[in-house]
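Reviewing the structure listed below.
In what follows, chains carry the letters A, B, and so on, assigned in the order in which the sequence lines appear, proteins first and then strands, with residues in each chain numbered from 1.
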Amino acid sequence: MSRENILNLVLALALLAVPYIAQAAGQPFTITLATRIAILALAATGLNIALGLGGLVSFGHAAFFGVGGYVAGILSSHAFSGDPMLFGLPGSKQMLVVWLVAMGTAGLLGLAIGVISLRTSGVYFIMITLAFAQMVYYFAMSWPAYGGEDGLSIVVRNQFPGVNTMRPMNFFMICYGVLLVGIVLSALIRSSRFGAALQAVRQNDVRVAAVGISPMPIRLTAFVLSAMLTAVAGALYADLNRFVSPSMLSWHMSGELIVLIILGGTGRLMGPVAGAALYVIFEHLLGGLTERWQFFLGLILLATVLFARGGLIGLIAGKVRHG
Amino acid sequence: MADPVLSIQNLHKSFGALKATDGVSIDLHPGEIHALIGPNGAGKSTLIHQICGTVKPDSGTITLAGREIGRLPVAERARLGLGRTFQISSLAGEFSALRNVMLAVQAGQGSSFAFFKPVMRDRSLTDAAMDRLERVGLAARANVTASELSHGEKRQLEIAIALALDVKAFLLDEPMAGMGPEGSKVLTGFLDSLRQEAPILLVEHDMDAVFALADRISVLVYGRVIATGTVNEIRNDPAVRQAYLGDHA
Ligand SMILES: Nc1ncnc2c1ncn2[C@@H]1O[C@H](COP(=O)(O)OP(=O)(O)OP(=O)(O)O)[C@@H](O)[C@H]1O
Ligand SMILES: [Mg+2]
């Protein structure tokens, strides 16, 4: 087993072990922290498909994260009130339904945003994805039906067949399970034909076109898949907080996801997990000491970019190996 | 004579005031190596770029196997059978040599929209790619990252990639450049046999290779074809001697 795989396994097991230890030690808040790590890691795993594999620096993934959150909030609020939604469809309290709707909605939004923004590259791509996300943000702010800037509460966490989701440990296990599925899917994508084309597009799209593969559909597909995965994380995040507000759609959120990936290791399978763990731990520890914790996070980010381009995974496991 | 595989008619391209391609017409016939020679900056690479689609011509037509391809995107032209190498090697730098060729094999097999099967366990990809590497003598370097290959090895890899496609016409932009005399000799022998697979439009400064290989030669100067003919005709053409060959002939 390669060094990176061992590290990946250790990370996965550690994230699983922490809430059990916290449970035994009577520290329920730590379970919430671990759940937050799992959800942010899932969101960043989604972004990593576009950013890490495809080199598409989307500064607008909060749009997909937030849309996932709003789908969870809106479906559950309609399920409670009994009022029909768009086209007379009923709401739902079922996570499985919520996730599917979140993926569908974010997929369509990703398609629309991708078709337009993928015509550009580099800084323009960053700016256009940011602009689209800001449009979604302001739309949510000014939409009173679903709380506008006050956001929308989820009275009771959505349900999962056979599980009491209100118990922190159970909800953690759901998030952890979904994260594992997300990681396995992204591992499969990475080593597949599609993944080969996507990574080649990042390295040299002229070469890819010269062998007869059109780069645009490859990029667009990656962008849409990436949006869909991030949206599921958004739905879970809304269920974790039992609340969704425009802040999930704000550019801070997009930036946070990019930061997670850089901290963990861009394009590394478990980079998002390592990054999310570092981020949440910093936030918790430094945040308890000083309100200026983001200043110190900035320093750490700077050090990572200057001295450890491969992030935490790169630091421990060395450079990426392509089979 | 049989219909040309690739036919370029009256192509024009200007960069501002500079006429990089000025009414160029060139045919490539089945089984032939057609060399394109000319001084630096004559517009040879620009012509190749227009055939492949990375540069848009101002006017003129390009037909491949009877089909007008002048307005198609790069990838579409490649799928129709244009196999090119770049004057400045253009590879997926982080991938191994093998994976670079595998990408071309995958493209030739059709869809890249398969999301679950690992490529490294797909014998139809690895075997075919290994076979192409063997043909260009690069098998021993299959697992070396492309960016770490030597200059000459990168040129060989470019050819291996082109071989992996279902090619109707090869467009090779200075494949010998930086190869060294021994490498050039081996490659000359290789290209000599390659013409049976598909005709080659060969841009090359190495005159020994050109004279050894070419069935016909076109001479490009300031974006214009000043002469087209057999090796002997071109060697003895006074205008060509003055514009390009000098005392080399
Ligand atoms: N994108 C571009 N914009 C402006 N000028 C260009 C561009 N590409 C090429 N040129 C100019 O067009 C002319 C032809 O260039 P080209 O690269 O085709 O020459 P070449 O015959 O391949 O030369 P060499 O033998 O040195 O490779 C040169 O003067 C070059 O500077
Ligand atoms: Mg050139």
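The pair B/Glu158-B/Arg155 fails the salt-bridge criterion, with no side-chain N (NZ, NE, NH1 or NH2) lying under 4.0 Å from an Asp/Glu carboxylate O.
The part of A/Leu225 that comes within reach of chain B is its side chain, from C-beta onward, which places non-hydrogen atoms under 4.5 angstrom from that chain. Using a 4.5 Å cut-off between heavy atoms, B/Leu103 contacts chain A through both its backbone and its side chain. With a 4.5 angstrom heavy-atom cutoff, B/Leu125 touches chain A only via side-chain atoms. Both the backbone and the side chain of B/Pro118 have a heavy atom closer than 4.5 Å to some heavy atom of chain A.
Chain A forms the most heavy-atom pairs under 4.5 Å with one residue out of B/Ser112, B/Ala78, B/Ala104, and that residue is B/Ser112. Of all the listed residues (A/Ala197, A/Gly195, A/Ala200, A/Ser191), the one sharing the greatest number of non-hydrogen pairs under 4.5 Å with chain B is A/Ser191. Note on B/Asn100, B/Val74, B/Leu82: by heavy-atom pairs under 4.5 Å with chain A, the leading option is B/Val74. Among the candidates A/Gln203, A/Gln199, A/Arg202, the residue making the largest number of heavy-atom pairs closer than 4.5 Å to chain B is A/Gln203.
Distance check: B/Glu153 CD to B/Leu133 CG gives 11.0 Å after rounding to the nearest 0.5 Å. We find the OG-CG distance between B/Ser96 and B/Leu149 to be 9.0 Å, quoted to the nearest 0.5 Å.
By the neighbour-count criterion of 12 heavy atoms within 6.0 Å, atom CG of A/Leu13 is densely surrounded, having more than that number from other residues, nucleotides or ligands.
Here the options are B/His12, B/Gln50, B/Lys44, the test is side-chain hydrogen bond (donor to acceptor under 3.5 Å, both in side chains), and the partner is B/Thr21; only B/Gln50 passes.
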Criterion side chain to side chain donor-acceptor pair (under 3.5 Å) on B/Gln109 and A/Arg193, from CA distance to verdict: CA-CA 11 Å; B/Gln109 285 182 1; A/Arg193 289 181 179 221; 2.7 Å; yes

